[in-house]
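Here the structure comes first, spelled out in structure tokens, and everything after it is commentary.
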There are 2 protein chains.
Amino acid sequence: MTPNKEDFIKAIFELGGKEKVVTNKDLVRMLSISAASVTDMNTRLLKEELITHLPYQGVMLTEKGLLIANQLTRKHRIWEVFLAEKLGYDWNEVHADADLLEHVSSDLLIERLNIFLDEPTFDPHGGVIPNQDGTVPEIHSTPLIECKVGDRFKIQEVDDQEDFLEYLLYKKVHLGKEYTLAEIEPYDGPLTLETSAGEKTVIGHKAAFKIFVDIIE
Amino acid sequence: MTPNKEDFIKAIFELGGKEKVVTNKDLVRMLSISAASVTDMNTRLLKEELITHLPYQGVMLTEKGLLIANQLTRKHRIWEVFLAEKLGYDWNEVHADADLLEHVSSDLLIERLNIFLDEPTFDPHGGVIPNQDGTVPEIHSTPLIECKVGDRFKIQEVDDQEDFLEYLLYKKVHLGKEYTLAEIEPYDGPLTLETSAGEKTVIGHKAAFKIFVDIIE
DNA sequence: AACTATTTTTAGTCTACCCTAAAAAATAAT
DNA sequence: ATTATTTTTTAGGGTAGACTAAAAATAGTT
């Protein structure tokens with residue numbers, strides 16, 4: 001396993017390669033490499049049985065590929081916790097360094113780091129940390145976009161793209177905060193959230209796909 | 001800079017490339033690569049002006065190369081402190097993981113880690129940690145082999161090869177411990193160290209080159 | 001000084017990972 | 001249904017970093 005292959009596997013996973021076929025085009029966009037390079041890498045990963053390939057359609061992770069993706073996610077997220085909690089990184093800063101560290105972390109290192117951090121369940125943006133054996137704890141969370149007006153909820157997880165996290169910082173939306181969904185504008189309009197203290201926050205339609213909440217009762 | 005080039009620079013440094021010409025042969029042994037690969041890498045590093053090359057003699061670090069070596073040593077040793085102090089690694093376990101981590105550590109990460117660790121001066125085997133600007137603090141230490149019978153000293157630094165550290169662990173020699181040099185056998189024979197409590201330890205001749213001490217008054 | 005052994009370099013190959021340009025297949029539009 | 005567009009694949013090439021085998025240079029020995 002090389003860092004490049006690992007990044008490729010992770011990209012497939014993040015594009016939904018666990019359940020559905022991921023197109024070359026999506027991988028080109030995600031990894032910023034040429035279409036030819038994607039085909040190239042596909043054939044290499046295919047040879048190692050990490051993915052299945054439907055010509056001209058795309059790729060999906062095999063069990064073996066999924067295991068690697070989950071183990072990488074575990075490493076990534078444990079490092080994110082370390083960077084945020086121990087080194088004082090903001091939640092929008094952790095991603096880049098964790099991305100490098102995950103590829104050079106022995107199992108021993110990760111397990112010791114995990115214990116040092118008191119075996120966290122979530123990373124700084126609410127992502128659940130997979131178990132050592134590659135299984136993923138089941139967490140009940142709903143995309144904000146699927147909520148109905150009147151729902152009360154707690155922010156559970158948010159997408160971990162740097163600019164998006166910065167947007168949320170600006171909007172004062174953070175993990176664990178409780179809101180009621182006050183209003184949804186029609187025609188893909190914005191959503192209005194309201195805290196019990198009456199603080200109102202307006203969130204764009206697309207952002208509501210990237211916020212996951214835990215609906216209260 | 002790639003991890004391979006960095007390892008090569010580090011190997012030259014560790015073989016004395018700061019002051020003297022290092023032969024290909026030594027690099028072959030240290031890096032476990034073929035002689036041809038050494039020549040190959042030499043030409044690449046030469047092009048970047050990180051080394052100077054005397055054909056059929058060997059290479060030396062330039063100022064630029066030395067700076068990189070020192071910065072790498074800084075990263076390596078700060079990680080060693082972290083692994084030993086925070087994650088409970090033994091001093092003979094830290095090397096391998098630190099070797100991987102040093103190549104993916106941004107300056108920001110290292111400086112934050114350094115602060116988290118309270119800006120240590122030495123790593124777990126007594127190696128001094130270079131400064132951020134690439135300068136190296138001056139430490140007064142003497143190879144044990146140069147000591148005379150009757151000298152009293154404190155263990156300051158030891159070579160960081162895993163098997164050697166294991167040997168010292170077995171001999172109960174650790175950093176900071178004080179001894180008197182009780183005896184030196186002739187013909188490259190062993191050295192006998194003695195603590196104030198009368199505990200005697202016999203150290204092989206070659207090992208005495210890898211132990212550095214701070215002679216007391 | 002000549003021969004031998006060692007070390008370094010050169011020449012030619014290989015894999016991983018990337019590229020561009022062109023061909024082939026799939027999809028969308030008329 | 002045919003044409004146009006998009007996407008994927010193939011073909012050919014480049015660089016980094018490794019290799020083996022053979023040639024060239026250095027060092028050691030008689």
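Just so we're on the same page: letters track the sequence lines, and every chain starts at 1.
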Revision key, fill the gap. Test side chain to side chain contact (heavy atoms under 4.5 Å, CB included), reference B/L168, set B/D159, B/I211, B/N92, output is B/I211
**Study point:** For atom CZ of B/R29 and atom P of C/dT8, their distance in whole Å
**Key:** 11 Å
Exercise for review: Write down the distance between CG (A/L54) and P (C/dA26), rounded to a whole number of angstrom.
Suggested key: 12 Å
Check your understanding: For A/P3 and A/Q57, take the nucleotide of DNA chain C holding the closest heavy atom to each; which residue's nucleotide lies nearer the 5' end?
Key -> A/P3
Check your understanding: Does the side chain of A/R44 get closer than 4.0 angstrom to OP1 or OP2 of C/dA16 through an N or O atom?
Key -> no
Review point. Quick one: A/K47 NZ to C/dC17 P, roughly how many Å, whole number?
Key: 11 Å
Practice item. Among D/dA18, C/dC18, D/dT26, find the nucleotide with the atom closest to the side chain of A/D40. Key: C/dC18
Check your understanding: Start at the 5' end of DNA chain D and walk down; is the nucleotide closest to A/T43 or to B/K5 reached first?
Key -> A/T43
Review point. Considering only side-chain heavy atoms of A/Y56, which listed nucleotide, C/dT8, D/dC19, C/dA25, is closest?
Key: C/dA25
Exercise for review: Return the value, rounded to whole Å, for the distance between atom CG of A/L31 and atom C1' of C/dC17.
Suggested key: 13 Å
Practice item. Respond yes when some side-chain nitrogen or oxygen of A/N4 is under 4.0 Å from OP1 or OP2 of C/dA16, and no when none is. Key: no
Check your understanding: At their closest point, which heavy atom of B/L45 faces which heavy atom of B/K5, and how far apart are they?
Key -> CD2-CG, 3.8 Å
Exercise for review: Could you work out which one of C/dA11, D/dT9, C/dT8 sits closest to the side chain of A/H53?
Suggested key: D/dT9
**Study point:** Side-chain N,O (A/S37) to OP1/OP2 (C/dC19) below 4.0 Å
**Key:** yes
Practice item. Could you check B/E80, B/E119, B/E102, B/E111 and say which one makes a salt bridge (charged side-chain N to carboxylate O under 4.0 Å, His left out) with B/R74? Key: B/E111
Check your understanding: Between C/dA16 atom C1' and A/D7 atom CG, what is the distance in whole Å?
Key -> 14 Å
Study note, to complete from the structure: Closest heavy-atom pair, B/W79 versus B/S105, reported as atoms and distance to 0.1 Å, is NE1-OG, 2.7 Å
Review point. Rounded to whole angstrom units, what separation is found between the CE atom of A/M41 and the P atom of D/dT8?
Key: 17 Å
Practice item. Tell me whether the OP1 or OP2 atom of D/dT9 has a side-chain N or O from A/N24 closer than 4.0 Å. Key: yes
Practice item. Ignoring backbone atoms, test whether B/S34 places a side-chain nitrogen or oxygen under 4.0 Å from the OP1 or OP2 oxygen of D/dA18. Key: no
Check your understanding: Rounding to a whole Å, what distance do you find between B/M1:CE and D/dT15:C1'?
Key -> 16 Å
Study note, to complete from the structure: Minimal heavy-atom distance between B/L193 and B/Y179, with the atoms involved, is CB-CD2, 3.5 Å
Check your understanding: Roughly how many Å is it from NZ in A/K25 to C1' in C/dT27, rounded to a whole number?
Key -> 12 Å
